[in-house]
Chemist: 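Would you mind keeping the following structure in view while I ask a few things?
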Amino acid sequence: MKVLRNLWWMLLWVPASAFAVDAVPAQPDTNIINTRKAWEKVAEARDAAHQERHHEAVADYLEALANDASLVKTVAQEIAYQKLWREDADKAIFYFKRYLARHPDENNRDVRKGLAQAYSWSGRQKEAIVLYRELVAEDGTDGGARLGLGRSLIWNNELHEGYAVVRAVEDGFEADSNAGRESSNFLLTVMDSYTPHLGLTAAASWDSDGLDIYRFTADGHLEVFGNKLLQIAPSVAQFRMPDQANIFAPRFQMGLVGTMAHNWSFHAYAWLEHYSSKEPINNNTEKLDWLRPGGDAWLTWMATPRLRIDFGGSSMALETYQAFDEHIDFQQASASFDWRFARHFTLGGVGMLADYSDGNSRRNGAAHLFWGREGRLKILTGPTLTYMDFSDPYPGGYWAPDWVRNASWRLMLETRTKSMTFKLDGSVGLEEELGSDALTVAGLAGRWGWRLGDRTLLAAEAGYSRSRFSSASGYNRKFASLSLKAMF
């Protein structure tokens, strides 16, 4: 009977409760609606990320978190990778760390690899090296982690160990694997365009006024103070001109390259050079005998991942026979920037002020707007504008116009094979100097690099510039060089 009575009360309760639901309109659950919107945005973000629309993906992820902050535990690493791919490494570090803090009991190897990469891309090489070493110690078969360690070491100016690590990856993985391909590509880039342990260069230029210049340079770098590079670079130059005695110019140069913070780096070079001739020049009665110190230094600030600012200063001799005879040199200060304000567009500019030892002064500036595309064939193209004037026009001894301006269009192409690099850089435009008609100017230069074996690269470069900016004397110039670089 008790069982029947309970069934009876249950039958009475069901219709009553159903009636109550119909009688009182249901109130929407705000949390459920926001969660649904959040997951919809996550889906949109993942779709945008798949299509490499990283800016949109980040915006969708952040809107998802605005609707449901609890999703940060799930999507923080996804946001981090999107921040990384859109070159916002500092924000990527924040989200990688946020994800790791919410998953302390998990291995999270992929997330830690992402964090190490973000450290490296943001310039925090020491933190990247520590984390990559941990990852490699856990799994020595992870080619990506080993390659990341090698890259960070090289970017931290620890060239010897970094090169050895990347070479071991190149040797230890199949050539068609990701690790094998990436290590070979990176080593080719390092040997072609980074600072080598040793470099030997023979270069020459031929100006349309008959001035020929020949140079031979030996360039060596030693690792000092942990992550600084000490440069020792002896060189010798010879200047030739019809009806003039040859001028010899040996130089001894030293320099220091390094970082001061994750987004600040410096290059500083000083030298002592001696210009001399066995016979008098410019119909003088005395031989040339000029000993002078010189230098060149600049400070680089990566203000944001897409904005680079440089500040520089230099002291140099003017390379014309009359300037040598009169011991004319100049001191120059400069500031420049490069801002990639969109995926394919870069705006840049430079301004320079110079004081000459003969009392003259110069100011000049340039600006460019380039469109660029990465890939197997790298393309860079766009307009450049250049302006220069002197306080004392045409003092003699060197080209010093009242003013001159140049408007040109530049096109640069770069590509590579497994062991070679190719670069072609050309421009065409108009150049006008006060008192002269505008003339068509152009320039073309080519460069070829060939990796020989494991540790050396041979490079050849040649070109021609039909512009008064080409030389200190204001004449057209042809040039060529051959260099050999080696890593140890």
Side-chain angles (χ1 to χ4, degrees), residues 49-50 52 77 80-81 84-85 87 89 92 96 107-123 125 127-199 223 373-379 413-423 447-459 484-488:
H50 181 70
E52 297 186 358
Q77 67 162 323
Y81 277 113
L84 190 59
W85 302 149
E87 299 175 79
F96 278 128
N107 179 269
N108 291 314
R109 182 176 179 84
D110 288 340
V111 179
R112 288 187 292 142
K113 285 175 64 176
L115 176 59
Q117 187 173 5
Y119 276 141
S120 186
W121 286 12
S122 70
Q125 304 304 338
E127 292 94 328
I129 290 168
V130 170
L131 189 47
Y132 273 128
R133 287 196 194 280
E134 292 178 2
L135 293 163
V136 172
E138 293 171 5
D139 182 4
T141 65
D142 188 337
R146 290 169 59 185
L147 180 57
L149 174 60
R151 281 174 170 161
S152 296
L153 287 165
I154 289 174
W155 290 339
N156 199 47
N157 292 323
E158 298 178 61
L159 302 182
H160 179 74
E161 184 182 0
Y163 188 82
V165 170
V166 181
R167 275 287 299 126
V169 175
E170 186 181 37
D171 278 344
F173 289 81
E174 295 292 335
D176 59 352
S177 67
N178 286 336
R181 284 194 304 271
E182 290 182 18
S183 58
S184 294
N185 286 337
F186 181 66
L187 287 177
L188 180 58
T189 299
V190 169
M191 300 183 70
D192 189 46
S193 57
Y194 285 27
T195 302
H197 283 114
L198 176 64
E223 298 169 36
R373 189 197 72 175
E374 299 291 335
R376 188 170 185 84
L377 177 62
K378 181 180 178 181
I379 303 174
L413 304 174
E414 285 187 67
T415 189
R416 63 171 56 198
T417 65
K418 183 179 179 180
S419 60
M420 295 185 184
T421 63
F422 303 91
K423 180 179 178 180
R447 189 178 188 282
W448 164 76
W450 180 24
R451 184 182 174 191
L452 302 171
D454 298 337
R455 300 180 180 276
T456 57
L457 182 132
L458 180 67
L484 183 69
K485 296 181 179 183
M487 301 289 290
F488 301 107

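One-based numbering along the sequence shown.
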Chemist: What residue among Y81, Y119, W121 forms ring pair (Phe, Tyr, Trp, His ring centres under 6.0 Å) with F96?
Modeler: Y81
Chemist: In Å and rounded to the nearest 0.5 Å, what is the OG1 to CG distance from T417 to N185?
Modeler: 9.5 Å
Chemist: Would you say that M487 contacts R167 through its side chain, given a criterion of any heavy-atom pair below 4.5 Å between the two side chains?
Modeler: no
Chemist: Go through F422 and L413 one step at a time and tell me if the side-chain contact (heavy atoms from CB on, under 4.5 Å) criterion holds.
Modeler: CA-CA 8 Å; F422 303 91; L413 304 174; over 6 Å; no
Chemist: Does the side chain of E223 reach to within under 4.5 Å of the side chain of E161, using non-hydrogen atoms?
Modeler: no
Chemist: Indicate yes or no: at least one non-hydrogen side-chain atom of T421 is less than 4.5 angstrom from one of M191.
Modeler: no
Chemist: So which atom in L147 and which in V169 form the shortest heavy-atom distance, rounded to 0.1 Å?
Modeler: N-CG2, 4.0 Å
Chemist: Compare every heavy atom of A128 with every heavy atom of S152, then report the nearest pair and how far apart it is.
Modeler: OG-CB, 3.7 Å
Chemist: Using the side chain to side chain donor-acceptor pair (under 3.5 Å) criterion, which residues pair with N178? Sequence neighbours excluded.
Modeler: R181
Chemist: Donor-acceptor check, side chain of T415 to backbone of L377, threshold 3.5 angstrom: yes or no?
Modeler: no
Chemist: Measure the shortest side-chain to side-chain distance between L484 and L198 over non-hydrogen atoms and say whether it is less than 4.5 angstrom.
Modeler: no
Chemist: Assign the ring pair F488 / H197 to parallel, tilted or perpendicular, where the plane angle (0 to 90°) is split at 30° and 60°.
Modeler: tilted
Chemist: Test of understanding: with side-chain contact (heavy atoms from CB on, under 4.5 Å), list the residues that count as partners of R455, not counting sequence neighbours.
Modeler: Y163
Chemist: If I compare all heavy atoms of T456 with all of A486, which pair ends up nearest, and what's the gap?
Modeler: CG2-CB, 3.9 Å
Chemist: How close do T195 and L159 get, heavy atom to heavy atom, and via which atoms?
Modeler: O-CD1, 3.5 Å
Chemist: When rounded to the nearest 0.5 angstrom, what is the spacing between CH2 in W450 and CG in L188?
Modeler: 13.0 Å
Chemist: Do L135 and R109 have side chains that approach each other closer than 4.5 Å (heavy atoms only, starting at C-beta)?
Modeler: yes
Chemist: Hey, what do you get for OH (Y132) to CZ (R151), rounding to the nearest 0.5 Å?
Modeler: 8.0 Å
Chemist: Report the distance from atom CD of E158 to atom NE2 of H160, rounding to the nearest 0.5 Å.
Modeler: 11.5 Å
Chemist: Rounded to the nearest 0.5 Å, what's the gap from CG on L187 to OG on S419? Could you check?
Modeler: 12.5 Å
Chemist: Got more than 12 heavy atoms from elsewhere within 6.0 Å of CH2, W85?
Modeler: yes
Chemist: Could you walk me through whether S183 and R146 pass the side chain to side chain donor-acceptor pair (under 3.5 Å) check?
Modeler: CA-CA 10 Å; S183 58; R146 290 169 59 185; over 6 Å; no
Chemist: Enter the distance from R451:CZ to L458:CG here, rounded to the nearest 0.5 Å.
Modeler: 14.0 Å
Chemist: Can you give me the closest heavy-atom contact between F173 and G180, atom names plus distance?
Modeler: CB-N, 4.0 Å
Chemist: Any carboxylate oxygen within less than 4.0 angstrom of a Lys/Arg side-chain nitrogen, looking at D142 and K113?
Modeler: yes
Chemist: Walk me through whether D110 and Q77 qualify under side-chain contact (heavy atoms from CB on, under 4.5 Å).
Modeler: CA-CA 10 Å; D110 288 340; Q77 67 162 323; 5.6 Å; no
Chemist: Compare all side-chain heavy atoms of R112 with those of N107 and state whether any distance is below 4.5 angstrom.
Modeler: yes
Chemist: So, R416 versus T189: side-chain donor-acceptor pair below 3.5 Å or not?
Modeler: yes
Chemist: Over all heavy atoms of both residues, which pair between A92 and A80 is shortest? Give the atoms and the distance, please.
Modeler: CB-O, 3.3 Å
